Amino acid sequence: MNAADKYEAVIGLEVHAQLQTNSKLFCGDSIAFGAEPNTHVSPVTLGHPGTLPKTNKKAVEFAVKIGLACNCAIEEKNYFARKNYFYPDLPKGYQISQHTTPICKGGFVSIKTSEGEKDILLNRIHMEEDAGKSIHDVYDDFSCIDLNRAGTPLVEIVTEPCISSSEEAFQYITELRRLVRWIGICDGNMEEGSLRCDANISIRLKGEKKLGTKVEVKNLNSIRNVKKAIDYEINRMIELVENGGTITQQTRSFDAGNDTTFAIRDKEEANDYRYFADPDLTPFHLTPSYIQSIKEQLPALPQQRMLQLKKEFGLNEYDAEQLCDEKATAEFFIAVAQHTGNYKAIANWMLGPIRQHLNETHATFDHCSLQAKTLAALISIVDEGKVNFSVASSKLLPVLFTTNAHPLQLAEELNLLQVSDTGELENWVNTVITNMPDKVAEYKKGKKGLIGLFVGEVKKLSKGKADPKLVTELLQQKLS
Ligand code: ADP
Ligand code: MG
């Protein structure tokens, strides 16, 4: 047995999600990403004496939304606390957070694993404000501070130590990112820091109940890095223990240059944050009817939608999964399905030519210029044999994206209707037979597979308009 097989990994993730509000958590400054440094910095953000914070209602609403979407219990009585520490990008000298009273408790997020579904249990979701940014790579001799981000509303989503592998962690964050985007509370953009993850990792002997000493890898900024950091840590800790060492509780950082982690501080250096309720902010109480009204506004969630696409519309797992990658995509499907019953064709069109066209034009289903009923009409004329699929997707679709004309009229105008008039078909068929005497001879000697070649030639000759079924029949007649 491999030494490593004696151990199992235990992982808990803390994910910070920036809420997509217009303004900061306690003042009216914009939270737009990428602005000139220090342009969204009112006296409240700068922590000037005498300024007073005021809680952003939208941020509270968004926190409740994610809580409900994750099956949490919503706390009615909430207050904010000050977490005191010194840091250059923290102008007030404290961060406003929720210490002992997270707005959401418990809950879970279901993920797919190789062994089936698993519920990743949540400990809590709490609200807090973000800090500013220290920038060390502009000047050699000193650092820069950008306080635009300071005061941006965040929720921190904390799991129980119940994740058992880097693969599960990967699935969990992927699912969580889909969820926050789906309900519109966070853009989920990890590169811009809208979603950041700290991974807590420990190992223990299989069968052991007690948790091992954990290390925390901070600020992972992509899902792949979360996976890599976890894999690296598990191996490092197993090797350490196998060689007689002991694991110390540490905070570590991930080096994306060589996929390793390095220690930044030990437990003994941990801060004493001296938490206390922020006296400048009144506690905020949520009524059951307020919570209920938010619940009623929530859209059908991704896993519900997937189930619906499979059960109600008969789609397979793959199509349902792909169509539920984003809410706008799923909703487009549902919209088209109001106009045609050929659900499989909708999926094929959306995941094939339409997605390709959107990618090429840097558009999304969110802003899809093709209307649902135009697509439905296009599907109908293909089903009725009036145009074939390849003509419809290569010639009609690009025009429909800009005009939303009636597909049948457009096909007529462009002279693309499939020809099933036998006279015209016969001309094409005869031409092909005359042009390919050698192949015709081979066919007659028994190489029946050549029929495909002949049909293809007729198709070319007719510029895609010949009805392939009729052409095949005609060819078979003439060559027999
Ligand atoms: P801290 O006070 O150090 O932040 P918490 O108890 O709040 O620790 O837990 C932070 C995160 O670490 C949670 O996601 C939790 O599930 C996880 N965690 C706690 N103990 C362990 C452990 N021994 N191994 C792995 N993860 C752990
Ligand atoms: Mg922590």
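Keep in mind that what you see is a predicted model, and the values were worked out from it rather than measured.
In the displayed structure, Lys118 atom NZ is contacted under 6.0 Å by more than 12 heavy atoms of other residues, nucleotides or ligands. Other residues, nucleotides and ligands place no more than 12 heavy atoms under 6.0 Å from the OH atom of Tyr87. Around CG of Asp259, the count of heavy atoms belonging to other residues, nucleotides or ligands within 6.0 Å exceeds 12. Summarising the local packing, NZ of Lys373 is surrounded by 12 or fewer heavy atoms from other residues, nucleotides or ligands at distances under 6.0 Å. Within a 6.0 Å radius of CG in Asn258, more than 12 heavy atoms belonging to other residues, nucleotides or ligands are found. By the 6.0 Å contact criterion, CD on Gln297 is enclosed, its count of non-hydrogen atoms from other residues, nucleotides or ligands being greater than 12.
Note that the CZ atom of Phe62 and the CD1 atom of Ile103 stand 13.0 Å from one another [nearest 0.5 Å]. If you take CG on Leu323 and CE on Met350, they are separated by 5.0 Å, rounding to the nearest 0.5 Å. The line from CD1 of Ile201 to NZ of Lys214 is 10.5 Å long, rounded to the nearest 0.5 Å. Put simply, OG1 on Thr55 and CE on Met127 are 7.5 Å apart, with the number rounded to the nearest 0.5 Å. With values rounded to the nearest 0.5 angstrom, Ser222 atom OG is found 11.5 Å from Lys227 atom NZ. Within the model, atoms CG of Leu122 and SG of Cys70 stand 5.5 Å from one another, a figure rounded to the nearest 0.5 Å.
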### Query
Stepwise, does the side-chain contact (heavy atoms from CB on, under 4.5 Å) test hold for Leu154 with Leu19?
CA-CA 6 Å; Leu154 303 175; Leu19 299 177; 6.0 Å; no
Before you tell me yes or no, could you show the steps for Asn123 and Glu160 under side-chain hydrogen bond (donor to acceptor under 3.5 Å, both in side chains), namely the whole-Å CA-CA distance, both residues' side-chain angles and the distance that decides it to 0.1 Å?
CA-CA 5 Å; Asn123 174 282; Glu160 294 293 346; 3.2 Å; yes
- Message: Go through it in stages, so that I can follow the logic: the residues are Ile66 and Ile183, the test is side-chain contact (heavy atoms from CB on, under 4.5 Å), and I'd like the CA-CA distance, side-chain angles, deciding distance and then a yes or no.
- Response: CA-CA 8 Å; Ile66 183 65; Ile183 63 174; 4.1 Å; yes
Could you walk me through whether Arg82 and Tyr275 pass the side-chain contact (heavy atoms from CB on, under 4.5 Å) test, one step at a time? CA-CA 5 Å; Arg82 292 185 182 180; Tyr275 279 100; over 6 Å; no
_Could you walk me through whether Cys324 and Met306 satisfy the side-chain contact (heavy atoms from CB on, under 4.5 Å) test, starting with their C-alpha distance in whole Å, then the side-chain angles of each, then the deciding distance to 0.1 Å, before giving a yes or no?_
CA-CA 6 Å; Cys324 290; Met306 265 193 66; 3.6 Å; yes
* What's the verdict on side-chain hydrogen bond (donor to acceptor under 3.5 Å, both in side chains) for Glu296 and Gln292, showing C-alpha distance, side-chain angles and the deciding distance? -> CA-CA 6 Å; Glu296 283 159 13; Gln292 183 59 29; 3.0 Å; yes
Next item on the list: Check the pair Glu14 / Asn200 against side-chain hydrogen bond (donor to acceptor under 3.5 Å, both in side chains), numbers first and verdict last.
Entry: CA-CA 8 Å; Glu14 298 167 276; Asn200 298 269; 2.8 Å; yes
Given the rule in the side-chain hydrogen bond (donor to acceptor under 3.5 Å, both in side chains) test, do Glu233 and Thr261 qualify, once you have shown the distances and angles that lead to the verdict?
CA-CA 7 Å; Glu233 271 310 302; Thr261 70; 2.4 Å; yes
Query - From CA spacing to verdict: salt bridge (charged side-chain N to carboxylate O under 4.0 Å, His left out), Lys105, Glu75 - result: CA-CA 7 Å; Lys105 288 188 185 141; Glu75 179 62 50; 2.9 Å; yes
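Taking the ring centroids of Phe254 and Tyr232, they lie at or beyond the 6.0 Å cut-off. Aromatic ring centres of Phe389 and Trp349 lie closer together than 6.0 Å. A centroid separation of 6.0 Å or more is found between the aromatic rings of Phe333 and Phe365. A centroid separation of 6.0 Å or more is found between the aromatic rings of Tyr273 and Tyr94.
With hydrogens and angles ignored, the 3.5 Å screen pairs no side-chain donor or acceptor of Gln356 with any backbone N or O of Gly352. Using modelled atom types, no side-chain atom of Asn78 and backbone atom of Leu286 make a donor-acceptor pair closer than 3.5 Å. With hydrogens and angles ignored, the 3.5 Å screen pairs no side-chain donor or acceptor of Ser194 with any backbone N or O of Met190. Looking only at distances, no side-chain donor or acceptor of Asn243 sits under 3.5 Å from a matching main-chain atom of Gly245. Not one N or O on the side chain of Ser134 forms a donor-acceptor pair closer than 3.5 Å with the backbone of Ile145. Here the side chain of Ser380 pairs a donor or acceptor atom with the backbone of Ala376 at under 3.5 angstrom. Here the side chain of Thr51 pairs no donor or acceptor atom with the backbone of Gly47 at under 3.5 angstrom. Looking at Thr340, its side chain never comes within 3.5 Å of a backbone N or O of Ala337 through a donor-acceptor pair.
Ile247 has its side chain out of reach of Ser202: every pair of non-hydrogen atoms, C-beta onward, lies at least 4.5 Å apart. Proximity of Leu220 to Asp198: side-chain heavy atoms (C-beta onward) are nowhere separated by under 4.5 Å. Using a 4.5 Å heavy-atom cutoff, the side chains of Phe26 and Asp280 are not in contact. You'll find the side chain of Val109 stays beyond 4.5 Å of the side chain of Asp119, heavy atoms only. Residues Ile203 and Val241 are in side-chain contact: their nearest non-hydrogen atoms beyond the backbone lie under 4.5 Å apart. Between Ile334 and Phe313 there is a side-chain heavy-atom pair separated by less than 4.5 Å. In this structure, Leu358 and Leu370 have side chains that are not in contact, with every pair of non-hydrogen atoms separated by 4.5 Å or more. Using a 4.5 Å cut-off on side-chain heavy atoms (C-beta onward), Gln18 and Ile31 make no contact.
Looking at Asp130 and Arg196, a side-chain N of the basic residue comes within less than 4.0 Å of a carboxylate O on the acidic one, giving a salt bridge. By the 4.0 Å N-to-carboxylate-O rule, Asp366 lies too far from Arg181 to be salt-bridged with it. The pair Glu239-Arg236 does not meet the salt-bridge criterion, since no charged nitrogen lies less than 4.0 angstrom from a carboxylate oxygen. Checked for salt-bridge contact, Glu175 and Lys112 miss the test: no charged N lies under 4.0 Å from a carboxylate O. Ion pairing between Glu129 and Lys24 fails under the 4.0 Å rule for side-chain N and carboxylate O. Ion pairing between Asp319 and Lys344 holds under the 4.0 Å rule for side-chain N and carboxylate O. Of the charged side-chain nitrogens involved, none lies within less than 4.0 Å of a carboxylate oxygen, so that Asp146 and Lys133 do not count as a salt-bridged pair. A salt bridge is defined here as a Lys NZ or Arg NE, NH1 or NH2 lying under 4.0 Å from an Asp or Glu carboxylate O, and Glu242 with Lys6 meets this definition. Salt bridge annotation for Lys206-Glu208: absent, with no cationic side-chain nitrogen under 4.0 angstrom from a carboxylate oxygen. Ion pair Arg204/Glu8 flagged as a salt bridge, since at least one NZ, NE, NH1 or NH2 atom sits closer than 4.0 Å to an Asp/Glu carboxylate oxygen.
Residue Val15 forms a side-chain contact (heavy atoms from CB on, under 4.5 Å) with just one option from Val158, Leu195, Thr159, and that option is Leu195. In summary, of the residues considered (Gln98, His16, Lys83), a side-chain hydrogen bond (donor to acceptor under 3.5 Å, both in side chains) with Glu128 occurs for His16 alone.
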